[in-house]
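The structure appears right after this line, and notes come after that.
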Amino acid sequence: MFTVDRTNVDQLFRLLQQKGYTLIGPTVRDGALILDAISSASDLPVGWTDDQGPAHYRLRRRDDASLFGYSVGAHSWKRYLFPPAVKLVDARRQGRSMDCTSPSPDSASQGTPLKKYAFIGVKPCELNAILIQDKVFLGSGTVDPFYKAARERLFIVAANCTQASGTCFCASMDAGPRAQRGFDLAITEVAGKQHYFVIDAGSKKGTEILLELPHRKSSQQELDEAARRVQKATDQMGRQLDTAGVRDLLLKNPEHPRWEEVSQRCLNCANCTLVCPTCFCSSVEDTTDLAGKTAERWRRWDSCFTLDFSYIHGGCIRSSGKSRFRQWMTHKLASWNDQFGSSGCVGCGRCITWCPVGIDITEEVRAIRGTKRQEQLMHS
Amino acid sequence: MKRTPTLAVWKFASCDGCQLSLLDCEAELLAVTERLTIANFVEASREVLKGPYDLSLVEGSITTAHDAERIHKIRRISKTLITIGACATAGGIQALRNFKDVKEFVSIVYSTPAYIETLSKSTPIANHVYVDFELHGCPINKNQLLEVVNAYLNGRKPNIPAYSVCVECKRRGIVCGLVAAGPPCLGPVTHAGCDALCPSYHRGCFGCYGPKETPNTGSLTSWWKQSGMKDDELLRLFRNFNAYADAFRKESESHEK
């Protein structure tokens, strides 16, 4: 473990830029934290934190100048690795047949040219979400070429959580608040009279960058302080999800009355799936030019909450709101295990925060388990 | 050479905005005219070719006895009939009259009410004749109109998804105002199609594209009621361009005193 002072953070960013990385990090926009291109530490949400609850998100000032003193924002990192729209095929009519070409992941014809990204400040829950999407897009037999190309050139600076929000439950999902693996650099911020970062390198690329930065071996006191701050985030988790036997619980209760109850509240608007950092559903859409000479095939983000998503010849399989909500939650917490060997949930809490009517996945599990709702744990 | 299909554009009670979307296509309009013969489109050309027509686009709602007959004649001479816009698909803003007695409006608005012959309700075209496809919006989105015409020409299903505006917001990365202290937004119950135009300017969705598939308006308004919104505010949110679309009509009526 090494310590880097706050004054050298911009040096870290410059080093990454010199190596050809486009920096993506959280920044303040429209009353929330979103992800966008950043160029220096001042673009980060300096001194900001967030209050989150069901259907509730507000930014709030901190009493320090933390760079990473908040939980997860409105965007998940998946929009850079699994973009909302990707062109898959160009087709051209040639007499009675047609020529098809697949744009290469590196080409600019995808809409945006593929960049070499450095993700700055990836929270541990989100890092775990990326590792889960790795299994989906790279490890399940079929490799997604766009994801692979973006992923291979990615540099990840994880930021261990020192601030959890009211909808966080990564500790329940064993997905945080400390990053365990999958990062190039993992930092723990200590903002106070002294402002420094305790940094761990998780890869050769990460070590190389760290060695080029002004750094020192962390003192025991610095390590203790960093550990204390991460522990604080654990204590702050606003939600809990009891994962014991949850797979069987959900798969064995497809007719539990709670599904009907929650479907009365569910808007089937798809927000939960689109903000989820692991949800990977997409639809494939073919378009033509007016003359019918050329066609394109696009992949777009879709959701199991839309009717068309389960439309096959003759109709929609999941026509009731109940069946769609049940599909989402049982896939996320149960059948995902069978499919990819882990839960599909990392406890980031976005589905709770960004549901316009505040449906809470932890509460739904609790209801199906039949246990009484525990008094809401303290908010951040 | 193969005959190009003929296009007719018809107007009922409406503001012309949706027809204008076709003229707005500009560069693409030339491409359209290469594949379609514009046979009857009086807003574009005085030259009117005799029907029947292969494709009819119908704008506007039925508000008079005369129009209620005219739409049947148009249906008879149209191979494919597509309605465009909130008036044609839901009765339009003029369907606000449907909630009151139209005679009272007429007596207030017109100096000689005796000249006015109108039906008591403004109704969508599909209430009168079979409609092959409904394109929603107030006004419609020109790209969606082109997509519908394109799909027709190429014999495929149009890519006009019926899911919520939220899907468009999230793909664009717009921060949800409903959650982050923005104004009330009908996005979660509204049909996509505008590419989240208002939310991209920090405004709530006004519901211009009408109800989405399986809209759960009651849940959204219950949530708003808990946060202090009053029935009259909720009623007004749903009394808009698509006030007479089934889901929005029922929702607004449930907030009537």
Side-chain angles (χ1 to χ4, degrees), chain A residues 29-36 50 52-59 73-75 79 83-85 263-275 283 285-293 295 298 300-303 305-309 316 319-321 324 353-359, chain B residues 28-36 146-147 149-182 184-185 187-190 192 199-200 202 212-224 226-227:
Chain A
R29 187 171 309 156
D30 301 334
L33 301 187
I34 58 140
L35 299 176
D36 205 349
D50 47 54
Q52 298 193 41
H56 177 88
Y57 183 100
R58 297 288 183 279
L59 285 179
H75 293 171
R79 65 187 305 110
S263 78
Q264 299 298 316
R265 294 175 61 208
C266 176
L267 304 173
N268 51 78
C269 60
N271 275 311
C272 49
T273 52
L274 299 167
V275 295
S283 57
E285 192 177 280
D286 292 344
T287 61
T288 50
D289 70 339
L290 279 165
K293 286 182 180 149
W298 284 79
R300 293 182 208 283
W301 281 1
D302 205 337
S303 167
F305 281 91
T306 73
L307 284 180
D308 269 357
F309 191 72
C316 165
S319 53
S320 71
R324 279 175 271 157
T353 298
W354 298 99
C355 171
V357 292
I359 292 173
Chain B
E28 298 99 323
L29 189 59
L30 290 175
V32 170
T33 58
E34 280 173 22
R35 301 290 319 281
L36 276 172
L146 279 170
E147 168 61 16
V149 170
N150 183 329
Y152 166 81
L153 288 170
N154 289 297
R156 61 177 175 82
K157 181 174 170 271
N159 294 314
I160 305 289
Y163 48 56
S164 67
V165 172
C166 302
V167 176
E168 296 182 320
C169 253
K170 288 293 181 286
R171 285 186 189 147
R172 289 187 63 177
I174 296 166
V175 172
C176 180
L178 275 177
V179 171
C185 174
V189 295
T190 298
S200 73
H202 314 116
K212 75 173 190 79
E213 62 184 17
T214 65
N216 190 351
T217 53
S219 171
L220 190 60
T221 54
S222 304
W223 182 262
W224 282 337
Q226 281 173 36
S227 60

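Values below: every heavy atom of this structure, side chains too, minus hydrogens, waters and symmetry copies. The sequence lines fix the lettering, A, B, ..., with proteins before strands; numbering per chain opens at 1.
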Would you sort out whether A:Val357 and A:Ile359 count as a side chain to side chain contact (heavy atoms under 4.5 Å, CB included), showing the intermediate values?
CA-CA 6 Å; A:Val357 292; A:Ile359 292 173; 4.1 Å; yes
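- For chain B, no part of A:Thr273 is nearby; none of its heavy atoms comes within less than 4.5 Å.
- Ranked by heavy-atom pairs under 4.5 Å with chain B, the list A:Leu290, A:Asp36, A:Leu274 is led by A:Leu290.
- Between the CG atom of B:Asn154 and the NZ atom of A:Lys293 there is a distance of 11.5 Å, given to the nearest 0.5 Å.
- Atom NZ of B:Lys212 is separated from atom OH of B:Tyr163 by 11.5 Å, given to the nearest 0.5 angstrom.
- Proximity of B:Ile160 to B:Glu147: side-chain heavy atoms (C-beta onward) are separated by under 4.5 Å at one or more points.
- Contact of B:Arg35 with chain A is made through the side chain alone, with heavy-atom distances under 4.5 Å.
- Under the 4.5 Å side-chain criterion, counting only non-hydrogen atoms from C-beta, A:Arg324 is in contact with A:Leu307.
- Using a 4.5 Å cut-off on side-chain heavy atoms (C-beta onward), A:Cys355 and A:Cys272 make no contact.
- The residue among A:Gly31, A:Ala74, A:Pro356 with the most heavy atom pairs within less than 4.5 Å of chain B is A:Pro356.
- Considering only heavy-atom pairs separated by less than 4.5 Å from chain A, the leading option among B:Pro161, B:Gly173, B:Ala31 is B:Gly173.
- Remark: A:Glu285 engages A:Arg300 in a salt bridge (charged side-chain N to carboxylate O under 4.0 Å, His left out) (not counting sequence neighbours).
- Highest contact tally toward chain A, considering only B:Val32, B:Asn150, B:Leu36, is held by B:Asn150 [criterion: heavy-atom pairs under 4.5 Å].
- Contacts of A:Ile34 with chain B are made by side-chain atoms alone, with heavy-atom separations under 4.5 Å and no backbone atom involved.
- Proximity to chain A (any heavy atom under 4.5 Å) is shown, for B:Val165, by neither the backbone nor the side chain.
- B:Leu178 has its side chain out of reach of A:Tyr57: every pair of non-hydrogen atoms, C-beta onward, lies at least 4.5 Å apart.
- At a 4.5 Å heavy-atom cutoff, A:Ser320 makes no contact with chain B through either its backbone or its side chain.
- When heavy atoms are compared at a cutoff of 4.5 Å, A:Arg265 approaches chain B by way of both its backbone and its side chain.
- Your options are A:Ala270, A:Ser303, A:Ala291, and the one with the most heavy-atom pairs under 4.5 Å with chain B is A:Ala291.
- With sequence neighbours left out, A:Asn271 forms a side-chain hydrogen bond (donor to acceptor under 3.5 Å, both in side chains) with B:Lys170.
- Contacts of B:Arg156 with chain A are made by side-chain atoms alone, with heavy-atom separations under 4.5 Å and no backbone atom involved.
- Interface remark: A:Thr306 contributes backbone and side-chain atoms alike to the contact with chain B (heavy atom separation under 4.5 Å).
- With a 4.5 Å cut-off on non-hydrogen atoms, B:Leu220 touches chain A through its backbone and its side chain both.
- Of the listed residues B:Cys176, B:Ala151, B:Pro158, the one with more heavy-atom pairs under 4.5 angstrom with chain A than any other is B:Cys176.
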